Undergrad: 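Can you keep this structure in mind? I'll have questions shortly.
Predicted model only: the values in this text are computed from it and were never measured. Chain letters run A, B, ... following the sequence lines, proteins first, then strands; residues in each count from 1.
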Amino acid sequence: MHELALHILDMVQNCLDAGASEVVLEIVEDQADDVLLIRVSDNGRGMTAEQVAQVRSPFYTSRTTRRVGLGVPLIDMTTAQCGGHLKIESRPGKGTVMEACYRLSHIDRPPLGDMAGTLKTLLIGSQDVDFTYRHTVDGRQFALSSRELQEALAGVPFYDPEVWEWLSGYLRENFCRLYGGATE
Amino acid sequence: MKSLEDLKKLREKLQAGNAVRQGGSTQIIVGMGTCGIAAGAREALNAIMDEIAKRKLRDVVVRQTGCIGMCEKEPLVDVVREGEARITYGHVTPEVARKIVAEHVVNDRIVDENVVAKLTD
């Protein structure tokens with residue numbers, strides 16, 4: 001995967017597979033500290049210490065359709081290649097926190113990529129999940145809550161044509177602002 | 001700047017115009033496991049949604065699923081319509097995704113060259 005935004009999509013997909021009803025996704029980009037941090041926290045079924053120890057191996061998976069699982073090993077590999085780390089904390093019945101950390105300026109660090117596309121995909125896939133997004137770039141912040149969006153929508157789904165167009169424009173504006181660019 | 005207040009107004013406008021769907025006659029399901037994501041499932045889903053938005057299709061439900069075990073054919077997209085066979089499309093690039101909406105969903109013509117499975121129940 002050539003974008004961190006794809007790893008992020010994969011990480012949140014793991015939360016949904018774990019039956020989470022609440023997911024918090026935080027991204028911090030800070031030039032002064034030379035760090036790019038991705039933290040995904042959920043209240044899903046969690047993992048035992050033994051599972052946490054195994055999850056970095058490509059030959060571990062909870063899925064039954066195949067005997068390999070590449071999501072976490074791929075993230076583990078890219079963080080290690082970029083002077084960073086992948087931290088996994090989990091408790092059965094409580095949830096999981098995954099924290100992927102990269103050196104922002106590392107030459108091998110994949111670009112963050114299309115976060116708007118990832119967010120829109122996540123909103124379509126997590127209609128029943130309370131999803132919170134907080135993204136900070138050198139002190140500027142963009143926050144989004146799926147619950148707030150759903151309250152405004154009062155039952156109209158994210159895949160409604162006009163809601164989708166609104167969402168696309170909303171994210172475009174906010175990412176422009178986040179990165180200090182002009183909004184349309 | 002767009003705000004949540006604007007979204008609320010948009011929703012009220014949709015509800016007032018009776019534009020809100022009453023459930024969908026077509027379901028589109030995109031595989032979003034690691035295999036799907038790595039192969040371009042996010043791009044496929046966004047292309048499907050952009051095409052639905054452009055055509056203002058209001059009777060289509062878009063959902064996601066995990067890995068179903070045909071990873072080499074990802075991105076996989078299923079089209080489910082009542083009383084018809086469930087069609088699974090493979091290698092769905094954004095271009096194929098737009099074609100599936102335009103041909104299969106709108107014009108009722110299955111995009112044969114990308115079909116990897118047909119399931120009748």
Side-chain angles (χ1 to χ4, degrees), chain A residues 1-3 5-14 16-17 61 63-66 68-74 113-114 116-118 120-122 124-127 144-145 148-174 177 183, chain B residues 1-15 17 19-24 27-72 94 101:
Chain A
M1 294 200 223
H2 50 281
E3 288 179 23
L6 291 175
H7 284 305
I8 291 168
L9 177 56
D10 193 32
M11 285 161 92
V12 178
Q13 221 61 44
N14 284 343
L16 305 182
D17 290 344
T61 179
R63 178 188 36 240
T64 51
T65 49
R66 271 187 282 119
V68 292
L70 292 175
V72 177
L74 281 171
D114 181 10
T118 286
K120 287 194 281 178
T121 305
L122 286 173
I124 292 283
S126 55
Q127 302 263 2
L144 177 147
S145 147
E148 280 176 19
L149 290 171
Q150 281 177 322
E151 274 168 12
L153 285 169
V156 178
F158 290 124
Y159 52 75
D160 179 276
E162 273 161 87
V163 172
W164 178 261
E165 277 180 349
W166 184 89
L167 208 54
S168 301
Y170 180 71
L171 293 177
R172 203 162 41 235
E173 273 184 16
N174 277 288
R177 191 184 48 81
T183 50
Chain B
M1 269 315 266
K2 291 183 176 62
S3 68
L4 288 189
E5 205 46 45
D6 300 330
L7 182 61
K8 217 172 132 187
K9 281 187 196 130
L10 170 65
R11 182 259 301 170
E12 282 160 1
K13 191 194 87 185
L14 292 174
Q15 284 175 331
V20 179
R21 79 198 66 219
Q22 315 285 325
Q27 274 193 68
I28 302 182
I29 305 159
V30 183
M32 206 55 76
T34 302
C35 44
I37 293 169
R42 182 190 66 185
E43 285 65 27
L45 182 127
N46 277 272
I48 288 167
M49 276 311 312
D50 287 344
E51 195 65 24
I52 287 173
K54 201 168 88 188
R55 293 168 181 272
K56 302 255 183 287
L57 304 180
R58 299 203 171 273
D59 55 350
V60 184
V61 174
V62 180
R63 293 201 292 116
Q64 292 176 19
T65 185
C67 166
I68 56 162
M70 281 196 284
C71 312
E72 71 283 6
V101 175

Undergrad: Supply the atom-to-atom distance B:I48 CD1 to A:I124 CD1, rounded to the nearest 0.5 angstrom.
TA: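 Reported value, rounded in 0.5 Å steps: 10.5 Å.
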Undergrad: Most heavy-atom pairs under 4.5 angstrom with chain A, which of B:E43, B:E12, B:M49?
TA: B:M49
Undergrad: Show the nearest heavy-atom pair for residues B:Q64 and A:T121, with the distance to one decimal.
TA: NE2-O, 2.6 Å
Undergrad: Given that the side chain runs from C-beta out, which part of B:S3 has a heavy atom under 4.5 Å from chain A: side chain, backbone, both or neither?
TA: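 Backbone only.
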Undergrad: Examine whether an atom of A:L149 lies under 4.5 Å from a heavy atom of chain B, and if so say whether it belongs to the side chain, the backbone or both; otherwise answer neither.
TA: both
Undergrad: Would you say B:R11's side chain and A:A152's backbone share a donor-acceptor pair under 3.5 angstrom?
TA: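 Confirmed, B:R11 side chain pairs with A:A152 backbone.
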Undergrad: Which atoms of A:E3 are under 4.5 Å from chain B, going by heavy atoms: the side chain, the backbone, both sets, or neither?
TA: side chain
Undergrad: Just give me the residue among A:D114, A:D17, A:L16 that pairs up with chain B most often, heavy atom to heavy atom, under 4.5 Å.
TA: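 If we count pairs closer than 4.5 Å to chain B, A:D114 comes out on top.
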Undergrad: Quick one: what part of A:N14 sits under 4.5 Å from any heavy atom of chain B, side chain, backbone, both or neither?
TA: neither
Undergrad: Check A:Y159 against B:V61 and note the closest heavy-atom contact, atom names and distance.
TA: OH-CG1, 3.4 Å
Undergrad: Can we say B:K8 and A:E148 salt-bridge, meaning some charged N sits less than 4.0 Å from an Asp/Glu carboxylate O?
TA: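 So B:K8 does not pair with A:E148 through a salt bridge.
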Undergrad: Would the distance check show the side chain of B:R42 and the main-chain N or O of A:L9 forming a donor-acceptor pair, the cut-off being under 3.5 Å?
TA: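 No.
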Undergrad: Nearest 0.5 angstrom please: B:L7 CG to A:Q150 CD, how far?
TA: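 If I round to the nearest 0.5 Å, the distance is 10.5 Å.
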Undergrad: Give the minimum heavy-atom separation between B:K13 and A:E162, together with the two atoms involved.
TA: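 Residues B:K13 and A:E162, closest heavy atoms: NZ-OE1, 3.2 Å.
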Undergrad: What part of A:T118 lies closer than 4.5 angstrom to a heavy atom of chain B: side chain, backbone, both or neither?
TA: both
Undergrad: Distance check, rounded to the nearest 0.5 Å: B:T34 atom OG1 versus A:H7 atom NE2?
TA: 10.0 Å
Undergrad: Could you measure the distance from the CD atom of A:E173 to the NZ atom of B:K2? Nearest 0.5 Å is fine.
TA: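 Between atom CD of A:E173 and atom NZ of B:K2 there are 4.0 Å.
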Undergrad: Counting only heavy atoms closer than 4.5 Å, note whether A:W166 contacts chain B via side chain, backbone, both or neither.
TA: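 Answer is both: backbone and side chain atoms of A:W166 are under 4.5 Å from chain B.
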Undergrad: Which pair of non-hydrogen atoms, one from A:P161 and one from B:L57, has the smallest distance, and what is that distance?
TA: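 Shortest heavy-atom separation between A:P161 and B:L57 comes out as CG-O, 3.2 Å.
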Undergrad: For B:I37, which atoms come within 4.5 Å of any heavy atom of chain A: side chain, backbone, both, or neither?
TA: both
